[in-house]
Amino acid sequence: MKFQAPRGVKDLLPPASESFRRLEDEIRALFVLAGFREIRLPIFESAELFARSIGESTDIVEKEMYVFSTKGGETLALRPEGTASLIRAALEHRLADPGRIERLYYQGPMFRHERPQAGRLRQFHQAGAELIGSSDPDDDVDLIATVSRHAQATSIPSSRLLINSMGCAECRPAYREVLVRYLEKYRADLCETCRKRTETNPLRVLDCKIPQCQPILESAPHITDFLCPDSRNHFDHVSRGLEGEGIPFTLTHRLVRGLDYYTETAFEWVSDALGAQSTWAAGGRYNGLVRQLGGGDVPGVGLAIGFERLFLLRELAGTLPHFPDPAVLLAIHPLEEAARPYAHRIMASLREHGIPVVGLFGKTRMKKAFVQAEREGVRFIGLLGGDELSGGTITIKHLQSGIQKTVSAFPPEDLAKTLRETWSP
RNA sequence: GUGAGUGUAGCUCAAGGGCAGAGCACUGGACUGUGGCUCCAGGGGUUGGGGGUUCGAAACCCCUCACUCACCCCA
């Protein structure tokens, strides 16, 4: 084979592509019900934008971004996530002014240069919802509850919600110091990455899965014990709110978001059904991001859903949506040369009336035409021969039942009505 | 970036040093105004690629590429 798709990208063929689209529609509807409106964002941005927002010392920025330079000398990057773009756009168009509340969602491909594995691609898809301008914990609760309820309604297998607090600009540095002091004490027993991270990004150390580090990390100080009164209050309010809503969650002290901009509430939904990449949705509050990107003191909270992972889970659950069946209602088969123009005319008028129809022109033998119609999943086949041509009629046969009748082909709305209503399940 | 496993027809897989095969799929015919069944026939392969060992390699060795899973990281 001369050409094949680059590593880590996938062609999505029917019927999976159709289910994928339906799944996108479903998530879009979910966000719309919660008051979010769509924002269309560019696929590439200034590389600097991501470095500034996600964090210089994160893996995403350090080694996973597709960075390229243009003829004009700009350094751009394929977007590795959506929040940075969205906030940039909100600032650029003055949607993130202090005091203003804006609910926006996005959807589309993201790019990270990682080694592919189950649930991980180099081009993958996310849908994200971001609420800009509110610092109220009840907005955290609402956003989390919306996704958790949808997960439950669509029977996502063994899904669990994990919650933690990342503190704020006040208390996180204090906790950080306590944590670093603790880690330094056990420095000799930590793995090499953890030793390095103790200096560069100590909170990430909590995420380490290397066995030798586990005992140390298990008894590391919890961030929730060092929250300032405001952060404590916020987190308690979110916890109580979720309890009040009957949304089950697990307080996970070692849950840390991989992106630097998160503050306060951090949450993620995991499932054991997914393999090693178990997170299918995640999010959190990012009260410092807008300022970090040059805006005012505007808080935000948001989340993103990984579509490929959601797709897998819904497939396992048997709740994957499908295209309306059948996609094509009628296949028209001209039986002789003279009937071809007649076939075109009927097809055009039926399409005008919303009937999806294909022509079986290349199949000269009727048997082949029937086989092709079956293959395309159509419900009816329409036969046009000399009799139909002279009578202005069409013989329609319902493939499943074998029932057939010859009806007038005009006016098309009558034929369309017949097709829509006759023998419909 | 690291590691392990796997690469044979469109798909699922046989052949484990001695003729590259099966099932499904595909194409044609039996069958030119009525499909699904059946029967017959056919097209398809540099056995991922390159090198080596051997009289002989899909098989054994080396290199390489790809895929899968895991590490890492994350949605």
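The analysis underlying the following values was restricted to heavy atoms, covering all of them including side chains, and did not include hydrogens, waters or symmetry mates. These numbers were taken from a predicted model, which means no experiment stands behind them. First the proteins, then the strands, lettered A, B, ... as listed; each starts at 1.
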Does [X] have a side-chain nitrogen or oxygen under 4.0 Å from the phosphate oxygens OP1 or OP2 of [N]?
X: A:Gln117; N: B:C71; value: yes
X: A:Lys10; N: B:U68; value: yes
X: A:Lys367; N: B:G36; value: yes
X: A:Arg375; N: B:G36; value: no
X: A:Arg112; N: B:C72; value: no

Under 4.0 Å, counting only non-hydrogen atoms across every strand here, what does [X] touch: a base, just sugar-phosphate, or nothing?
X: A:Glu388; value: base
X: A:Gly283; value: nothing
X: A:Leu383; value: base
X: A:Glu64; value: sugar-phosphate
X: A:Gly386; value: base
X: A:Arg197; value: sugar-phosphate
X: A:Leu303; value: nothing
X: A:Lys368; value: sugar-phosphate
X: A:Leu274; value: nothing
X: A:Thr395; value: base

Heavy atoms from C-beta onward define the side chain here; which of [options] lies closest to that of [X]?
X: A:Phe370; options: B:C69, B:A75, B:U34; answer: B:U34
X: A:Asp59; options: B:C73, B:G33, B:A75; answer: B:C73
X: A:Gln277; options: B:C71, B:C26, B:G36; answer: B:C71

Task: Pair partner, B:C13 [Watson-Crick or wobble, under 3.5 Å] - done: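 Answer to the pairing question: B:G21, which forms a Watson-Crick or G-U pair with B:C13.
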Task: Under 3.5 Å on both distances, the Watson-Crick or G-U partner of B:G45 - done: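 The answer is none; no pair meets the criterion.
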Task: Position toward the 5' end of RNA chain B (nearest nucleotide), A:Ala276 or A:Phe307 - done: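 Closer to the 5' end of RNA chain B: A:Ala276.
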Open item on the list: Quick check: on RNA chain B, is the nucleotide nearest A:Gly8 upstream (toward 5') of the one nearest A:Gly306, or the reverse? Name the residue that is more 5'.
Closed with: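 It is A:Gly8 whose nearest nucleotide is closer to the 5' end.
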Open item on the list: By the rule that syn is within 90° of 0, classify the base conformation of B:G16 as syn or anti.
Closed with: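 Chi for B:G16 falls in the syn range.
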Take atom [atom1] of [X] and atom [atom2] of [N], then tell me their distance rounded to the nearest Å.
X: A:Gln214; N: B:C71; atom1: CD; atom2: C1'; answer: 14 Å
X: A:Asp387; N: B:G33; atom1: CG; atom2: P; answer: 12 Å
X: A:Lys196; N: B:C72; atom1: NZ; atom2: C1'; answer: 12 Å
X: A:Lys63; N: B:C73; atom1: NZ; atom2: P; answer: 7 Å

TODO: Can you label the angle between the A:Phe226 ring and the A:Tyr175 ring as parallel, tilted or perpendicular, going by 30° and 60°?
DONE: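 The rings of A:Phe226 and A:Tyr175 sit tilted, inter-plane angle from 30° to 60°.
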N/O to N/O distances under 3.5 Å, protein versus nucleotides 1-4 of chain B:
unit_1: B:U2; atom_1: O4; unit_2: A:Arg115; atom_2: NH1; d: 2.4

Task: Qualifying ring-ring contact (aromatic ring centres under 6.0 Å, His included) pairs with a residue from residues 8-32 of chain A, counting only residues at least two apart or across chains - done: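 Qualifying pairs: A:Phe20-A:His125, A:Phe20-A:Phe307, A:Phe20-A:Phe311, A:Phe31-A:Tyr105.
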TODO: Between B:G43 and B:G16, how far apart are the C1' atoms? Round to whole Å, please.
DONE: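 Between the two C1' atoms, the distance is 30 Å.
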Open item on the list: If the condition is ring pair (Phe, Tyr, Trp, His ring centres under 6.0 Å), which residues does A:Phe235 pass it with, not counting sequence neighbours?
Closed with: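 In terms of ring pair (Phe, Tyr, Trp, His ring centres under 6.0 Å), with neighbours along the sequence ignored, A:Phe235 is linked to no residue.
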